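In what follows, a structure is listed as C-alpha cells, so that the remarks can point back to it.
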Amino acid sequence: MKTSANVEMNLRRSTTLTLFCLFAALTAGAQSRTQSLPVTDAEKIADALRAAPQFITAGATIVDYPASKGDEWRVLRNGSSEWTCLPGPPPGSKHDDPGCFDKVFFQFVKDVLAGRPQHVNRLGVAYMYTGHTVPGATGEPFRVGPHIMVVSPHPDELEGFTHGGWDGTYVIHLPGADHPGQWFLVIPIQEADKREHR
C-alpha cells in the first residue's frame with residue numbers, strides 16, 4: 001500500500017524528470033537552430049526557398065555567393081523568372097539570412113559585394129521572409145523580422161522615412177562604414193526585435 005510520502009516522492013521524481021527532459025529538449029533545439037547553417041547544395045536550395053512567397057521562389061534562379069570577391073556566382077538551380085534567391089549566410093555573416101531579389105535589386109547586391117559603384121535605374125524589390133541580422137545601435141546584433149526591401153534610383157526620395165522602424169517602415173543602409181550612402185526602404189511584415197534599431 002502506497003503512503004502519501006511515497007506518492008509525494010514519486011511526484012517529485014516525475015516532475016524533476018519532466019523538467020530535465022524539457023530543458024534538454026529546449027537546449028538541443030536552440031543549439032540546432034544556431035548551428036545548422038546550410039552546407040550542401042540541397043540545403044542551400046531549401047534555405048533560399050524560405051526567403052519569399054512560393055509564387056516568387058517557384059521560378060527563381062537560386063545561386064550561391066562567390067567564394068571570394070570577384071569570383072563567379074554559382075548557380076544551384078536555374079529558373080524561369082527574373083527573380084534570384086540566395087541562401088544564408090551572406091559573406092561575413094554567421095546568421096542564416098536567405099533573400100530573394102528582382103533583377104534590379106540583385107544587380108545592386110552584386111555591385112555592392114564586388115565593390116563596384118551601384119547604378120539603380122528603376123525600383124528594385126527584395127524579400128527576406130526569415131528576417132535579417134544586422135548590427136544594432138549598441139553594436140550588438142539586431143534581428144530585423146520578416147520584411148520586403150525596396151531600392152530606388154532616387155535615394156533622396158527615402159528621406160521622409162524614419163531610421164528606427166517604429167512607424168512600420170524605415171530606411172537603412174548596408175552595414176559598414178564603406179556603405180554610408182546606399183539607402184533602401186525596409187517594409188516589415190511582422191514585428192521585429194524589441195530592441196531599438198537606429
Side-chain angles (χ1 to χ4, degrees), residues 27-54 56-57 60-79 83-116 118 124-151 165 170-180 182-195 197:
T27 303
Q31 288 174 348
S32 67
R33 278 192 300 277
T34 58
Q35 295 176 353
S36 63
L37 296 175
V39 177
T40 67
D41 286 357
E43 290 171 341
K44 290 179 180 185
I45 290 168
D47 191 53
L49 293 175
R50 299 180 316 127
Q54 195 274 333
I56 297 292
T57 61
T61 297
I62 299 175
V63 299
D64 198 3
Y65 292 95
S68 59
K69 198 174 193 174
D71 285 354
E72 293 295 315
W73 296 73
R74 190 167 62 91
V75 175
L76 301 174
R77 185 190 84 179
N78 286 310
W83 291 91
T84 302
C85 297
L86 301 169
S93 175
K94 295 179 182 170
H95 302 282
D96 186 13
D97 298 328
C100 288
F101 309 87
D102 73 358
K103 184 178 176 181
V104 172
F105 211 116
F106 185 56
Q107 186 60 52
F108 174 79
V109 168
K110 290 194 309 186
D111 289 342
V112 167
L113 292 177
R116 296 187 298 258
Q118 295 76 54
V125 178
Y127 289 88
M128 293 191 89
Y129 268 18
T130 65
H132 188 64
T133 303
V134 297
T138 64
E140 293 295 313
F142 173 83
R143 186 72 186 165
V144 177
H147 58 279
I148 297 169
M149 300 178 294
V150 178
V151 67
Y170 56 97
V171 292
I172 189 170
H173 66 81
L174 296 172
D178 54 339
H179 306 301
Q182 297 159 347
W183 295 95
F184 52 90
L185 180 65
V186 176
I187 306 166
I189 54 175
Q190 186 176 330
E191 189 173 20
D193 195 319
K194 293 287 186 189
R195 288 174 286 172
H197 178 240

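The structure presented is a predicted model; accordingly, all values stated were derived computationally and were not measured. Sequence positions, counted from 1, serve as the residue numbers for this chain.
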Working for side-chain contact (heavy atoms from CB on, under 4.5 Å), residues Y65 and D71: CA-CA 9 Å; Y65 292 95; D71 285 354; over 6 Å; no
Full working for side-chain contact (heavy atoms from CB on, under 4.5 Å) between R74 and D41: CA-CA 10 Å; R74 190 167 62 91; D41 286 357; 2.8 Å; yes
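Rounded to the nearest 0.5 Å, atoms CD1 (I62) and OG1 (T57) are 7.5 Å apart. Remark: L76 CG to T40 OG1 distance equals 9.5 Å, nearest 0.5 Å. Atom CZ of R116 is separated from atom NZ of K110 by 7.0 Å, given to the nearest 0.5 angstrom. Summarising the geometry, atom CZ belonging to F184 is positioned 11.0 Å from atom CD belonging to Q118; distances are rounded to the nearest 0.5 Å. D47 CG to S36 OG: the interatomic distance, rounded to the nearest 0.5 Å, is 9.0 Å. The distance from the CG atom of D64 to the SG atom of C85 is 13.0 Å, given to the nearest 0.5 Å.
Closest approach of H95 to P89, counting heavy atoms only: O-CB, 3.0 Å. Nearest heavy-atom pair, W73 versus L113, reported as atom, atom and distance to 0.1 Å: CH2-CD1, 3.7 Å. Y129 approaches I189 most closely through the heavy-atom pair CE1-CD1, 3.2 Å. In terms of heavy atoms, P98 sits closest to M128 at O-CE, 3.5 Å. Heavy-atom minimum distance, R77 versus A60: NH2-O, 2.8 Å. In terms of heavy-atom proximity, T130 sits nearest to D96 at OG1-O, 4.2 Å.
The distance between the ring centers of F108 and F101 does not fall below 6.0 angstrom.
In this structure, the side chain of Q107 does not engage the main chain of K103 through any donor-acceptor pair within 3.5 Å.
Looking only at side-chain heavy atoms (C-beta outward), F105 and V125 stay at 4.5 Å or farther from each other. Looking at heavy atoms from C-beta onward, V150 lies in side-chain contact with I187 at the 4.5 angstrom threshold. Counting heavy atoms from C-beta outward, L49 and Q54 have side chains that stay 4.5 Å or more apart.
Ring planes of W83 and Y127: tilted class, angle from 30 to 60°.
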